[in-house]
Trainee: 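Handing you this structure, nothing more for now.
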Protein chains: 2
Amino acid sequence: MSGDHLGEPDPKIAPVHLTAAYELVVEQIRRAIDLGLFLPGQKLPPERDLAEQMSVSRSTIREAVRVLVADGILSVRRGASGGLIVNNVHTRDPEELRVYAKRKRVELNDIFDFRIVVEQATASFAAQRRGDDNLAVMRTALAAMEEAIAASSAEDDDPDPIAAFNAADTSFHMEIARASKNPHLLKSVEAIRRAMFLPVGGVFIKLRKDANAMHEPLYNAIADRDAARAAEIMAEHVQATRRAMMEFLDGKR
Amino acid sequence: MSGDHLGEPDPKIAPVHLTAAYELVVEQIRRAIDLGLFLPGQKLPPERDLAEQMSVSRSTIREAVRVLVADGILSVRRGASGGLIVNNVHTRDPEELRVYAKRKRVELNDIFDFRIVVEQATASFAAQRRGDDNLAVMRTALAAMEEAIAASSAEDDDPDPIAAFNAADTSFHMEIARASKNPHLLKSVEAIRRAMFLPVGGVFIKLRKDANAMHEPLYNAIADRDAARAAEIMAEHVQATRRAMMEFLDGKR
DNA sequence: TCCCATTGGACTGATACGTATACCTTTAAG
DNA sequence: CTTAAAGGTATACGTATCAGTCCAATGGGA
């Protein structure tokens with residue numbers, strides 16, 4: 001029977017994956033670009049600065065740059081006022097992009113299935129438990145979003161309004177989570193924010209203008225301590241965002 | 001002004017954290033134990049096997065073992081039929097545990113608030129998406145729970161049936177999460193189990209006998225693909241567990 | 001009783017990865 | 001045409017991890 005040591009019942013323990021430093025750097029840079037912190041045509045900080053900011057050696061940064069260049073995400077120009085330049089998205093193979101988008105679609109659906117559940121509950125708890133300090137932060141975030149939208153309505157092509165909007169939006173939702181006084185909900189919302197921007201990027205501020213329309217009523221419901229209404233509005237809000245994102249992925253941009 | 005090179009506008013890019021291999025190993029093993037994949041008193045596979053299973057060298061495993069021993073999670077015995085032994089967490093007397101758990105009352109409430117939300121949704125999705133393989137695992141877990149209850153009904157005072165019940169219970173709920181086909185829900189359920197394992201321990205298997213009564217109907221609802229019923233039963237089940245736990249904390253036992 | 005298989009403990013040399021540092025090359029701006 | 005600001009290249013060093021070998025304890029079976 002050749003009976004070696006068969007019999008291992010089940011693999012309760014899986015292989016560990018050791019992530020290389022340069023991979024972490026690749027992820028970080030890719031994420032920053034996806035978030036709209038660096039727009040096409042713009043330059044990243046010089047390699048030496050990146051190295052310092054990321055607490056990593058320049059060699060490691062350069063390995064990461066190689067990967068990003070190979071992926072068509074960056075271009076490199078040498079010489080004075082050269083640097084690491086963020087590529088235009090169109091430079092990339094359309095077919096590859098479609099496949100990419102489709103994969104992201106699945107990820108996004110998972111995220112939104114999760115998000116509805118979590119944020120609805122979060123809104124409900126927040127309405128019951130919020131303090132005035134929470135309201136204050138939320139109001140600040142609302143104002144910041146308005147401002148960002150106003151700034152972006154100009155022909156201005158700065159990255160700042162986009163990043164600013166995303167930051168404020170995140171701050172708004174996170175404050176609701178904080179108001180829920182539940183650390184697990186807070187952690188989940190945080191995870192959602194992180195996961196969401198990876199597949200999508202901060203490209204579509206315009207789509208979110210209407211989504212933003214629901215922020216104010218949501219604020220009011222929470223201020224009024226109306227848990228049911230808050231939950232309802234939040235559910236709608238998340239659904240609206242989901243629709244907008246899916247349309248975006250379907251190429252209607 | 002002293003104007004050095006101030007002006008770095010914002011740190012769009014954060015330091016990366018390089019995780020050592022042995023840390024990953026520690027995390028894996030700790031997780032497996034938290035989830036009841038290895039019960040107190042049981043042995044982990046020999047270092048050499050662990051190394052192979054985790055695609056890592058034995059030296060790395062040993063570094064991780066040092067950490068786990070220092071944390072009091074493992075004991076090491078040398079020689080033939082020695083090995084890495086999972087320590088018993090709840091060797092303490094019930095009263096002491098109750099005091100400990102009382103301190104954890106707030107934390108437990110947070111966990112259950114979160115748990116209702118998450119596991120209800122999980123059950124609903126599971127009913128819609130489960131495969132036959134999921135049912136098989138769930139059935140195995142059900143049987144294991146019955147067996148554990150039977151074993152504990154004896155005058156037996158071993159920790160084993162208790163831990164075994166918890167492990168099977170965890171396996172049951174985790175499999176539902178797996179059937180939901182949503183990685184975020186799965187991660188959350190796992191986090192819940194890990195958070196509950198410590199404060200709850202195996203103190204009160206008797207209380208859970210009735211809770212266990214709901215496992216079978218829950219299984220049926222999921223097998224029937226009845227999402228609404230599954231969600232409802234799950235909500236009740238979690239509530240029942242919560243009540244039982246709170247009563248225990250209030251000393252009714 | 002005694003041998004021996006099993007399992008943790010300890011050591012060594014090889015290698016890959018990341019760091020630190022210095023220096024070269026390209027290029028735009030003054 | 002000099003200079004400063006990038007990226008490009010090269011070298012040496014430290015260390016984490018690996019692969020392999022041998023030692024030490026220990027319990028069970030011949």
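Side chains are part of it too, since the values below use all heavy atoms of this structure and drop only hydrogens, waters and symmetry mates. Below, chains carry the letters A, B, ... as their sequence lines are ordered, and counting in each starts from 1.
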Trainee: Are side-chain N/O atoms of B:H215 and B:D169 paired as donor and acceptor at under 3.5 Å?
Mentor: yes

Trainee: For the side chain of B:A20, starting at C-beta, report the closest nucleotide among D:dG7, C:dG18, D:dT17.
Mentor: D:dT17

Trainee: Going from CG on A:N166 to CE on A:M145, what distance comes out if it is rounded to the nearest 0.5 angstrom?
Mentor: 10.5 Å

Trainee: B:E47 has a side chain; which of C:dG18, C:dG9, D:dG8 sits nearest to it?
Mentor: C:dG9

Trainee: I need the CG-C1' distance between A:L18 and C:dA16, as an integer number of Å.
Mentor: 11 Å

Trainee: About how many Å separate CG of A:L84 and CD1 of A:I29, when rounded to the nearest 0.5 Å?
Mentor: 7.5 Å

Trainee: Does A:E190 come within less than 4.0 Å of A:R193, counting only side-chain N to carboxylate O?
Mentor: no

Trainee: Quick one: side chain to side chain contact (heavy atoms under 4.5 Å, CB included) partners of B:P45, sequence neighbours excluded?
Mentor: B:F38, B:D49, B:L50, B:Q53

Trainee: For the pair made of CG in B:L84 and P in C:dT7, what is the distance, rounded to whole Å?
Mentor: 11 Å

Trainee: Do NZ/NE/NH1/NH2 and the carboxylate oxygens of A:D110 and B:K181 come within less than 4.0 Å?
Mentor: no

Trainee: Mind calculating the distance between CG (B:L74) and C1' (C:dG8) to the nearest angstrom?
Mentor: 13 Å

Trainee: Nearest 0.5 Å, please: how far is CG in A:L18 from OG in B:S55?
Mentor: 11.0 Å

Trainee: Which whole-number value in Å describes the distance from B:L24 CG to D:dA16 P?
Mentor: 15 Å

Trainee: Please list, by residue number, the residues of residues 54-73 of chain B whose heavy atoms come closer than 4.0 Å to an atom of DNA chain C; answer none if no residue qualifies.
Mentor: B:R58, B:R62, B:R66

Trainee: Which of the following nucleotides, C:dG18, C:dG8, D:dA6, is nearest to the side chain of A:R48?
Mentor: D:dA6

Trainee: Counting primed atoms plus P, OP1 and OP2 as sugar-phosphate and everything else as base, spell out the protein contacts along nucleotides 25-30 of chain C at 4.0 Å heavy-atom distance: B, S or - for each nucleotide, 5' to 3'.
Mentor: -BBB--

Trainee: Can you tell me how far apart CG (B:D132) and CZ (B:R139) are? Round to the nearest 0.5 Å.
Mentor: 8.0 Å

Trainee: Once rounded to the nearest 0.5 Å, what's the spacing between atom CD1 of A:I33 and atom CG of A:L44?
Mentor: 5.5 Å

Trainee: Check the distance between D:dA5's C1' and A:D49's CG and give it to me in whole angstrom.
Mentor: 11 Å

Trainee: In whole Å, what is the span from the CG atom of B:L50 to the P atom of D:dC18?
Mentor: 13 Å

